[in-house]
Amino acid sequence: MSFSSEVKDEMCRVAIHKRCCALAECYGAFLYGNTFTSDEIKIITENRAFAERLPKLMKKAFGFEPDTLPDEKKGGKLIVSVTDKEKNDAILQAFGYSWDTNVSHHINLAMLEDECCKVSFLRGVFLAGGSVTDPEKRYHLELVTNHRSVSGELYSLLLEMGFEPKETERAGSRITYFKQSNYIEDILTLIGAPVSSMKIMNTKLEKELINDVNRRVNCETANIDKAIAASAEHMQAISKIHKIQGLDSLPEKLYETALLRMANPEASLAELAALADPPITKSTLNHRLRKIVQLAEEIE
């Protein structure tokens with residue numbers, strides 16, 4: 001089962017208490033479903049929990065069930081539809097539509113005055129036309145409709161509710177989407193999928209932890225490589241001085257530093273500084289070693 005299906009299954013467990021919220025959820029589902037006209041209302045889905053929730057929503061909202069119900073034994077795409085003229089008229093009137101031909105696809109904001117109804121409407125929108133990517137792969141939630149005006153009005157509604165969606169178009173469909181994980185988490189929590197939202201949060205924390213560990217390892221590896229390169233440069237300089245003019249030609253402190261480095265070729269500057277007798281600072285040791293390298297270059 002995909003992550004998106006898991007999210008929808010969780011949302012479908014939200015209890016249906018108030019008629020106004022059942023009405024709003026149906027409204028979102030119809031606007032983002034497959035067909036919403038005066039002749040037919042049809043939603044096609046692969047999510048069985050959603051297909052089973054729709055009749056309950058319609059019973060609560062309108063007092064009747066759809067004309068076509070999904071086959072309990074059938075898998076794949078499930079169809080819920082209303083074709084009865086009287087039922088369709090009742091649905092259209094409930095949403096504030098009064099004409100007898102085609103429905104003008106707009107969001108009737110009078111249906112969404114209460115906050116609970118806005119939340120239910122968004123749940124219906126997501127169940128019918130939404131998807132969310134597995135957070136293990138990336139962060140992406142989108143809501144897809146064929147109706148440009150509905151998409152624009154949903155965009156405004158989301159802004160009003162404190163979200164910052166983005167819009168695009170794909171194959172003639174209008175898409176409202178989010179790529180910021182925090183917005184996706186908040187939306188899923190709001191519309192009834194807090195467990196799925198928590199999974200996104202946990203996945204994000206795991207990724208951040210792994211990235212932090214990788215950064216630390218890369219930094220330590222880079223420091224080790226740098227220390228090895230520096231030690232090789234020191235040893236090469238000391239060897240050159242020893243062969244050409246002898247280490248005893250060096251000033252006393254540089255001589256002691258050269259012997260210390262030869263005895264501890266793999267030690268870091270901090271470790272060498274601590275081994276000196278008496279101990280010296282890392283910057284002092286670094287200065288002496290640089291001086292030895294410089295003298296070796298001058299000899300060459």
Side-chain angles (χ1 to χ4, degrees), residues 1-14 16 22-62 64-92 94-95 97 101-107 120-134 140-151 153-154 168-177 187-188 191-193 196:
M1 180 184 293
S2 69
F3 179 68
S4 197
S5 295
E6 292 176 5
V7 172
K8 291 184 179 183
D9 284 353
E10 184 181 358
M11 287 181 189
C12 287
R13 291 193 287 270
V14 174
I16 305 170
L23 199 62
E25 189 169 332
C26 283
Y27 193 26
F30 294 164
L31 283 173
Y32 273 72
N34 299 84
T35 305
F36 186 27
T37 70
S38 58
D39 296 322
E40 181 182 31
I41 297 171
K42 180 191 292 183
I43 292 177
I44 302 174
T45 179
E46 293 184 357
N47 187 273
R48 179 160 292 278
F50 177 41
E52 293 175 350
R53 180 178 178 83
L54 273 170
K56 299 174 185 176
L57 286 169
M58 292 182 62
K59 186 71 174 178
K60 184 73 174 181
F62 310 109
F64 54 76
E65 292 187 347
D67 296 321
T68 302
L69 295 173
D71 187 340
E72 293 183 1
K73 298 180 180 179
K74 184 179 178 181
K77 293 185 177 181
L78 307 169
I79 299 175
V80 177
S81 66
V82 181
T83 53
D84 181 84
K85 176 65 174 173
E86 291 185 5
K87 289 182 179 180
N88 272 4
D89 287 346
I91 291 172
L92 296 180
F95 295 142
Y97 303 123
T101 54
N102 292 325
V103 176
S104 177
H105 293 93
H106 289 276
I107 297 176
S120 296
F121 176 79
L122 288 179
R123 185 185 305 117
V125 166
F126 183 84
L127 287 171
S131 64
V132 58
T133 304
D134 189 330
H140 184 86
L141 182 150
E142 66 179 34
L143 307 165
V144 183
T145 179
N146 293 325
H147 313 299
R148 180 179 295 271
S149 57
V150 171
S151 180
E153 289 157 358
L154 178 70
T168 189
E169 190 167 335
R170 183 196 306 141
S173 296
R174 295 293 299 175
I175 300 168
T176 306
Y177 68 96
I187 288 176
L188 294 185
I191 62 179
S196 299

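Values below: all heavy atoms of this structure, side chains included; hydrogens, waters and symmetry mates excluded. Residue numbers start at 1 and run along the sequence shown.
- By the 4.5 Å heavy-atom criterion applied to side chains, Leu69 and Leu54 are not counted as neighbours.
- In this structure, Lys8 contributes its side chain and Leu127 its backbone to a donor-acceptor pair below 3.5 Å.
- A search for ring pair (Phe, Tyr, Trp, His ring centres under 6.0 Å) contacts involving Phe3 returns nothing, not counting sequence neighbours.
- Contact record, Val150 with His106: CG2-N, 4.0 Å, taken as the closest heavy-atom pair.
- Annotation: side chain of Ile107 is in contact with side chain of Leu31 (closest heavy-atom distance under 4.5 Å).
- Taking the six-membered ring for Trp and thresholds of 30 and 60 degrees, Phe36 and Tyr27 have ring planes more than 60 degrees apart, a perpendicular arrangement.
- Val132 is not listed as a side-chain neighbour of Ile187, based on a closest heavy-atom distance of 4.5 Å or more.
- Within the 3.5 Å criterion, the main-chain N or O of Val144 finds no donor-acceptor partner in the side chain of Arg170.
- The line from CG of Asn34 to OG1 of Thr45 is 9.0 Å long, rounded to the nearest 0.5 Å.
- The 12-atom threshold is exceeded at CD of Glu169, counting heavy atoms of other residues, nucleotides or ligands nearer than 6.0 Å.
- A heavy-atom distance below 4.5 Å is not found between the side chains of Arg53 and Met11.
- Between the side chain of Arg123 and the main chain of Ile191, a donor-acceptor pair closer than 3.5 Å is present.
- Contact record, Ser81 with Pro66: O-CB, 3.4 Å, taken as the closest heavy-atom pair.
- With contacts defined as side-chain heavy-atom distances shorter than 4.5 Å, the pair Lys59/Ile16 does not qualify.
- Ring orientation note: the planes of Phe62 and Phe95 are nearly perpendicular, at an angle over 60° on the 30°/60° scale.
- Heavy-atom minimum distance, Thr176 versus Leu154: OG1-CD2, 4.2 Å.
- A side-chain N or O of Asp9 and one of Asn47 form a donor-acceptor pair less than 3.5 Å apart.
- Nearest approach of Leu78 to Ala51, heavy atoms of both residues: CD1-CB, 3.9 Å.
- Across all their heavy atoms, Ser4 and Ser131 have their closest contact at OG-CA, 3.3 Å.
- With sequence neighbours left out, the salt bridge (charged side-chain N to carboxylate O under 4.0 Å, His left out) criterion links Glu65 to no other residue.
- Checking Ser196 against Glu10 by side-chain atom types alone, a donor-acceptor pair falls below 3.5 Å.
- A distance of 4.5 Å separates CZ in Arg174 from CZ in Arg148, rounded to the nearest 0.5 Å.
- Taking 4.5 Å as the limit, every side-chain heavy atom of His105 sits out of range of all side-chain heavy atoms of Asn146.
- In this structure the side chain of Cys12 never reaches within 4.5 angstrom of the side chain of Glu52, judged on heavy atoms.
- Smallest separation of non-hydrogen atoms from Ala29 and Ile43: O-CD1, 3.6 Å.
- Not counting sequence neighbours, Phe50 has no partner by the ring pair (Phe, Tyr, Trp, His ring centres under 6.0 Å) test.
- Checking Asp84, Ile41, Val80 one by one against Asp67, the side chain to side chain contact (heavy atoms under 4.5 Å, CB included) holds for a single residue, Asp84.
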